[in-house]
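Every heavy atom of this structure was used, including side-chain atoms; hydrogens, water molecules and symmetry mates were not.
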Amino acid sequence: MNIAWKEIKKNKARFMILGSIIFLVSFLTFIISGFSNGLSQDNAAFIKDLPKGHFYMNADANETYNISKIDEQLADNILTDDHDAAALSIQMGFMNDSEDKQHSVAFVTSTESKLFESVQKGEVVLDRSLEEDGIKIGDILTNNQFSGEFKVKGFVDQKKYSHAPVAYINMENYKEIYRVNEMQLIFIPGQEDAKDFSGLQAFSNKEFLNTIPSYSAEQMSLNMIIWFLVVISGMLFAIFFYMMNVQKIGLYGILKAIGVKTISLFYMMWNQMLFITVIALGLSVALSQGFAKIAPSGMPFSLTGETSIQLSCIFLVIGFIGATLSGIQIKKVEPLQAIQQGEA
């Protein structure tokens with residue numbers, strides 16, 4: 001550790017450059033991860049907040065929930081056999097306020113269940129994001145396909161679906177708007193293994209998320225960027241320490257000649273990697289968490305402490321691997337040959 005520290009002090013500029021690059025790459029990774037998590041919540045918080053279980057939709061719907069129709073008799077049988085089960089439907093739509101301003105929403109209706117809001121005819125419960133648009137409890141909203149009016153009963157937190165705020169409405173009102181009698185989905189919580197129902201296809205919570213338009217493509221793109229940046233950081237460590245090791249072949253030869261073991265040289269390199277990475281990650285975590293505090297409320301950004309710790313551990317592992325791979329040449333160094341090469 002003493003040798004590693006002395007070398008860092010001797011070559012401050014080099015190590016500062018590496019540390020700065022690692023800081024920028026890790027900071028960008030944290031920010032993109034925050035946007036990825038934020039968009040995921042904005043796209044599917046309604047589904048992600050449900051307990052683990054299974055969704056069931058019509059097998060002929062080709063994994064497209066909004067064209068799924070479950071036979072009423074089959075749905076009644078399932079709900080009778082399992083009191084925790086709920087039948088529900090989700091459709092995108094619009095609501096107009098008193099000023100005739102249109103608000104995009106995801107209409108949700110369900111059978112009686114503690115998992116979903118219970119709403120009477122002519123009432124609506126909205127995601128709280130619409131409160132920021134000026135809608136208040138008691139306001140009257142309308143829909144062009146509905147003959148009556150909706151009175152705002154209350155608001156719920158973090159209920160988004162397909163980037164739209166959820167609007168819970170009564171089942172009879174839903175049927176009038178969309179001219180349907182069948183429900184699209186059945187959700188049964190607490191199942192480890194899906195049950196087999198004739199004509200229905202089962203999805204875990206995670207699998208059902210991929211039926212949401214744009215969800216999988218959106219998350220895959222952002223996650224690819226995150227992992228690409230992580231790999232870049234590993235390559236940076238490998239290239240940096242490789243160049244450093246090439247310049248120190250003669251020094252390694254002398255150290256080996258006086259009895260320093262190869263593992264000690266690796267420890268020196270690992271200590272340097274750890275020192276640089278911990279400082280860079282510390283700054284990245286602090287700034288990214290600070291950004292999360294000051295980000296506008298409407299910005300889909302969510303970076304938890306758990307995610308920051310996980311990414312930091314990945315960076316440390318990748319840095320360790322990169323530094324170790326670059327140090328393989330240390331093991332091959334022959335003292336006499338290395339000294340002669342260094343003198344040349």
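A 4.5 Å side-chain heavy-atom check between His54 and Ile188 finds every atom pair outside the cut-off. A 4.5 Å side-chain heavy-atom check between Leu74 and Leu200 finds at least one atom pair inside the cut-off. For the pair Phe155/Ile135, a side-chain contact is recorded, criterion being any heavy-atom separation below 4.5 Å from C-beta on. Annotation: side chain of Asn58 is not in contact with side chain of Gln201 (no heavy-atom distance under 4.5 Å). Taking 4.5 Å as the limit, some side-chain heavy atom of Glu218 sits within range of a side-chain heavy atom of Leu39. The side-chain heavy atoms of Gln91 and Gln184, taken from C-beta on, include a pair separated by under 4.5 Å. Counting heavy atoms from C-beta outward, Val156 and Tyr168 have side chains that approach closer than 4.5 Å. Residues Leu88 and Phe116 have side chains in contact (heavy-atom distance under 4.5 Å, counting atoms from C-beta outward).
Side chain of Ser113 to main chain of Leu115: a donor-acceptor pair is present (N/O by atom type, distance under 3.5 Å, no hydrogens or angles). Side-chain N or O atoms of Asn173 include none that pairs as donor or acceptor with a backbone N or O of Lys121 at under 3.5 Å. Under a 3.5 Å cut-off, the side chain of Asp139 and the backbone N or O of Lys151 do not form any donor-acceptor pair.
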| task | Report the C-alpha separation of Phe55 and Phe203 in whole Å, then their side-chain angles, then the decisive distance to 0.1 Å, and conclude whether the ring pair (Phe, Tyr, Trp, His ring centres under 6.0 Å) test is met. | result | CA-CA 5 Å; Phe55 288 88; Phe203 300 83; 8.4 Å; no
| task | Determine, stepwise, if the pair Leu287 / Phe30 fulfils side chain to side chain contact (heavy atoms under 4.5 Å, CB included). | result | CA-CA 9 Å; Leu287 288 178; Phe30 285 125; over 6 Å; no
| request: Show the numbers, then the answer: is there a side chain to side chain contact (heavy atoms under 4.5 Å, CB included) between Glu131 and Leu126? | output: CA-CA 8 Å; Glu131 191 175 31; Leu126 302 169; over 6 Å; no
| query | Can you check ring pair (Phe, Tyr, Trp, His ring centres under 6.0 Å) on Tyr65 and Tyr161, steps first, answer last? | reply | CA-CA 13 Å; Tyr65 74 90; Tyr161 186 84; 5.7 Å; yes
| request: Evaluate the side chain to side chain contact (heavy atoms under 4.5 Å, CB included) criterion for residues Lys206 and Phe208: first the C-alpha distance (whole Å), next the side-chain angles of each, then the deciding distance (0.1 Å), finally the verdict. | output: CA-CA 5 Å; Lys206 187 175 181 180; Phe208 184 75; over 6 Å; no
| Phe301 and Ile31: CA distance, side-chain angles, deciding distance, side chain to side chain contact (heavy atoms under 4.5 Å, CB included) verdict | CA-CA 8 Å; Phe301 187 88; Ile31 293 297; 4.2 Å; yes
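More than 12 heavy atoms of other residues, nucleotides or ligands sit less than 6.0 Å from atom NZ of Lys175. Residue-environment remark: CG (Asn181) exceeds the threshold of 12 foreign heavy atoms within 6.0 Å.
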Show me the donor-acceptor pairs within less than 3.5 Å that the side chains of residues 105-112 make with the rest of the protein, sequence neighbours left out.
unit_1, atom_1, unit_2, atom_2, d
Thr109, OG1, Ile169, O, 3.1
Thr109, OG1, Met171, N, 3.1
Thr111, OG1, Ala87, N, 3.0

Please list, one pair per line, the donor and acceptor atoms closer than 3.5 Å that link side chains of residues 219-236 to other protein atoms, with sequence neighbours excluded.
unit_1, atom_1, unit_2, atom_2, d
Gln219, OE1, Ser36, OG, 3.1
Gln219, NE2, Ser36, O, 3.2
Ser221, OG, Ala217, O, 2.9
Asn223, ND2, Gln219, O, 3.1
Ser233, OG, Val230, O, 2.5

Show me, pair by pair, the donor-acceptor contacts under 3.5 angstrom made by side chains of residues 14-22, not counting sequence neighbours?
unit_1, atom_1, unit_2, atom_2, d
Arg14, NH1, Gln247, OE1, 2.8
Arg14, NH2, Gln247, OE1, 3.2
Ser20, OG, Met16, O, 2.7

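Hydrophobic clustering (ILVMFWY, side-chain heavy atoms < 4.5 Å, transitive): Met183 and Ile78 are in distinct clusters. In this structure, Ile186 is not a member of the same hydrophobic cluster as Ile90, with clusters built from ILVMFWY side-chain heavy atoms closer than 4.5 Å. Phe275 and Leu24 fall within a single hydrophobic cluster, where Ile, Leu, Val, Met, Phe, Trp and Tyr side chains are chained together by heavy-atom contacts under 4.5 Å. Val119 and Phe46 fall within a single hydrophobic cluster, where Ile, Leu, Val, Met, Phe, Trp and Tyr side chains are chained together by heavy-atom contacts under 4.5 Å. Under the 4.5 Å side-chain heavy-atom criterion for ILVMFWY residues, a single connected hydrophobic cluster contains both Ile276 and Tyr267.
For the pair Asp84 and Lys114, the salt-bridge criterion is not met [side-chain N within less than 4.0 Å of a carboxylate O].
Every residue two or more places apart in sequence or in another chain was checked for a ring-ring contact (aromatic ring centres under 6.0 Å, His included) with Phe315, and none qualifies. For the ring-ring contact (aromatic ring centres under 6.0 Å, His included) test, no residue two or more places apart in sequence or in another chain qualifies with Tyr215.
The aromatic rings of Phe150 and Phe146 sit parallel to each other, their planes meeting at less than 30°, with 60° as the upper class boundary. Note on ring orientation: taking the six-membered ring where Trp is involved, the planes of Phe27 and Phe23 are parallel (angle under 30°, cut-offs 30° and 60°).
Considering CE of Met268 and CZ of Phe266, their distance stands at 10.5 Å, rounded to 0.5 Å. Taking OG1 of Thr64 as the reference point, atom CG of Asn66 lies at 6.5 Å (rounded to 0.5 Å). Taken to the nearest 0.5 Å, the CD1 atom of Ile70 stands 11.0 Å off from the CD atom of Glu72. Considering CD of Gln310 and OG1 of Thr304, their distance stands at 7.0 Å, rounded to 0.5 Å. Taking CD1 of Ile177 as the start and OG of Ser147 as the end, the distance is 9.0 Å to the nearest 0.5 Å. Put simply, OG on Ser33 and CG on Leu311 are 4.5 Å apart, with the number rounded to the nearest 0.5 Å.
For the side chain to side chain contact (heavy atoms under 4.5 Å, CB included) with Asp97, the lone residue among Ile140, Leu130, Thr142, Leu141 that qualifies is Leu141.
Counting only residues at least two apart or in different chains, salt bridge (charged side-chain N to carboxylate O under 4.0 Å, His left out) contacts with residues 39-64 comprise Asp42-Lys160, Asp49-Lys159.
Summarising the geometry of Glu182 relative to Ser89, their closest heavy-atom pair is O-OG, 4.3 Å, with the distance given to 0.1 Å.
Side-chain N/O atoms of Asn77 and Gln73 include a donor and acceptor closer than 3.5 Å. Side-chain contact, Ser129 with Asp127: a donor N or O sits under 3.5 Å from an acceptor N or O. Donor-acceptor pairing under 3.5 Å is recorded for the side chains of Asn96 and Asn144.
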